[in-house]
Protein chains: 2
Amino acid sequence: MVTKRQATIADVARRAGVSTATAGRVLGGYGYSSGEKRDLVLKAAEDLGYRPNQLARSLITGRTRTIGFVAGDIQSPFFAKILRGVSDVLEPKGFGLLITNSDETVEGEMESIRLLSEKQVDGVILSPCDVEEAAHLRKLVQTTPMVLIDRQVADLDVDSVGVDSVAAAEACVRRLIAEGHRRIGMVAELQFGPWTDIESFVRMVRTNPDGIGAIYPSWQRFMGYVRAHDACDLPLDLSLIARVNSYSTEDTKATVLRLLGHPDGPSVLFTADGLMTEGTMMAIFERGLRIPDDISLVAFDDLDWMSFIGPGIDSIGQPRRKMGEAAARMLIERIGGFDGPPRREKLPVRDNRRGSVCVLATGRD
Amino acid sequence: MVTKRQATIADVARRAGVSTATAGRVLGGYGYSSGEKRDLVLKAAEDLGYRPNQLARSLITGRTRTIGFVAGDIQSPFFAKILRGVSDVLEPKGFGLLITNSDETVEGEMESIRLLSEKQVDGVILSPCDVEEAAHLRKLVQTTPMVLIDRQVADLDVDSVGVDSVAAAEACVRRLIAEGHRRIGMVAELQFGPWTDIESFVRMVRTNPDGIGAIYPSWQRFMGYVRAHDACDLPLDLSLIARVNSYSTEDTKATVLRLLGHPDGPSVLFTADGLMTEGTMMAIFERGLRIPDDISLVAFDDLDWMSFIGPGIDSIGQPRRKMGEAAARMLIERIGGFDGPPRREKLPVRDNRRGSVCVLATGRD
DNA sequence: TTGCGATGTGAGAACGTTACCACATGTTCT
DNA sequence: AGAACATGTGGTAACGTTCTCACATCGCAA
């Protein structure tokens, strides 16, 4: 492995017979330069195969043209698609993209942020893993522009991108009720959150919804579920909630199997996100149930395979790529100096109907 | 947005009453330092919230502790999973990960490499989009360690990670033949490659296999398909090859639909990668065919949903995460100074049997 | 002619680290 | 006792850019 030394501005300047200042101006595209010297410098740079060293440039300009992305887990299709949107906006503008995983732990997130800020990124896009404990985020925003994605954090006034989970879930469950479903199961990981018991959360939703601060998307979707029941005067039956203990498909599958085993089980399942949906599919497959004949299904978050298995799965599709693009665009505006108030962008969801919901009744009774 | 100035080593040194050299030694963990001064410096650093500026450090040490990853398309599960493996190895060692997409074009790849090398990455993991045109890669390896993933490049002697696609495909097709299938369809994007007509490629495989240089995985899998036929004395029928014109699900679907429309069609389909499999599934779904009753299916590359749709889909699973880990490990060894001959690591594949192949006959005839 | 802005050039400082050297101490081995 | 060596410290030169000057020259209006 040969390690040839890269040519520097000084090398180019020497070869072109000009000062490093002049060579710098030509190659960096700033300040004045005459056509004559310009050609000399460009020729010399070409000959030497000169490549600017962004490190040195960044050190003095104070901007790296690199942004950081802290994902929960990059291998999940949710983050992967967002990432693609981010990089689509960044690449044409010459920005680099540094990624890390938080693995949904605060420690991982802090470590990620430490790494990114030591590398002097110009901005950070992050999906916070804790909606309350955010001292480290509060510290970060003092020095670096930040955009939150998917989730928000209490008392952290920064730009964010997401969807209106409460409204989308409510609309979805209302539709199920309208189509005659009375026993609607919900599959969600509701372990970590502001409430340890669901009853008191439901009470809060009914009595003082404004008092609910920043909560995870899963809780928001559950909130929509509750609201739809209340709006349609359908009594809540919390035994229909498959409350998954950990964020894993195995646990989800086990919990859903238990729910399906009940004598007076649900006629339809509403899953709160992609991973819940996968675990639910496993449980349905294992019990040999057919969709929608034996059980109906609607999923929050659309996944590739939902359109090509028979029948297709109904889903609420989040515009993941667009979310990434919006986050990147907002961040670049901030980096460019935009200093307006925090923007909370809510993107519209897509209502995918493919035939996984059995219509038990139509019209209004 | 407040922009507080970060504390520097000079600030810490002043506050601790020592020289910048001493402060640097303590904070950088190199050279000597007494316990007394150490405590002073650490206290001062703590007070000021000192964070080392990796830019300045990298400029003088010549190493950034950042590596670059050039993927075809990060949003595809193939690359997303690999990426996860890479970052799992990198993160504990304190390396950053800079990602770019080539979108499978040489221009995109060159642009990616330009960006990465200007940012002075210590090494690059790359899935080359062209197995022949590689002048830019040859130039890169002169200055930067590189590991190829999934594909190899002719005359480029660097470390690489992948699977033995030829052998895996051959074993898979042999099994189909053993189970009684005689008309085996293959779905693959074989547009770009060394051969424009398939006949001459087949001739080459039969007469001079060693003369075939570096080829894309799709071609390798097709090669395995040919070899299995030859080994089992099953005549090749090239009308069974769904040769997709572009790397898109829509095109794949259309091509497969055409194949399925033929009077004497295949009894089983063998797909060359994840995207081909998705397009094929769409075609099968559109025609209302049932797996495996109406048509059997085996896929190269395992996808999440294959295990939980009924019936499961048989697949050849690549250890994607392990591939990423291996690539990262090899790269770090090179960065650490390892200077042995290029290693071509072939990881074993997984043979997933789930019931998507109809057994037409057993035993050997 | 003088004044003045636009254009062009080079010397040298600056960015925040680590590398290198000189110069102190001790401590241990001949 | 003197040499050799590990330990500890500070000054200052790197690293490769851009930034800030000072200082030209030119054209043009007053």
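- The shortest distance between the side-chain N/O atoms of A:Y30 and the OP1/OP2 oxygens of D:dC19 is not below 4.0 Å.
- Side-chain atoms of A:R344 and A:Q152 form a donor-acceptor pair, as typed in the model, at a separation below 3.5 Å.
- The side chain of A:T61 lies closest to D:dT18 when the candidates are C:dT17, D:dT18, D:dT17.
- Residue order along DNA chain D, read from the 5' end via each residue's closest nucleotide, puts B:V18 first among A:A7 and B:V18.
- Contact between the side-chain N/O atoms of A:S34 and the OP1/OP2 oxygens of C:dT9 is found at a separation under 4.0 Å.
- An OP1 or OP2 oxygen of D:dT17 is reached within less than 4.0 angstrom by a side-chain nitrogen or oxygen of A:Y50.
- With 3.5 Å as the limit, one finds no donor-acceptor pair spanning the side chains of B:T66 and B:K119.
- Listed nucleotides C:dT18, D:dC19, C:dG10 differ in distance to B:R57; the shortest reach to its side chain belongs to C:dT18.
- Note on A:S58: nothing from the nucleic acid sits closer than 4.0 angstrom, heavy atoms only.
- On a pure distance criterion of 3.5 Å, a polar donor-acceptor pair joins the side chain of B:R25 and the base of D:dG10.
- Side-chain N/O atoms of B:Y32 include none lying less than 4.0 angstrom from OP1 or OP2 on D:dG8.
- Comparing atom distances between the A:I60 side chain and each of D:dA14, C:dA14, D:dT9 picks out C:dA14 as nearest.
- One finds no side-chain N or O of A:T8 lying less than 4.0 angstrom from the OP1 or OP2 phosphate oxygen of D:dG16.
- Taking atom CD1 on B:I9 and atom P on D:dG10, their separation rounds to 13 Å, with Å as the unit.
- Residue B:T20 has its side chain nearest to D:dT12 when only D:dT12, D:dC19, C:dG16 are considered.
- Rounded to an integer number of Å, the gap from A:L59 CG to C:dA13 C1' is 13 Å.
- Going from atom CZ of B:R51 over to atom P of C:dC15 covers 21 Å, rounded to whole Å.
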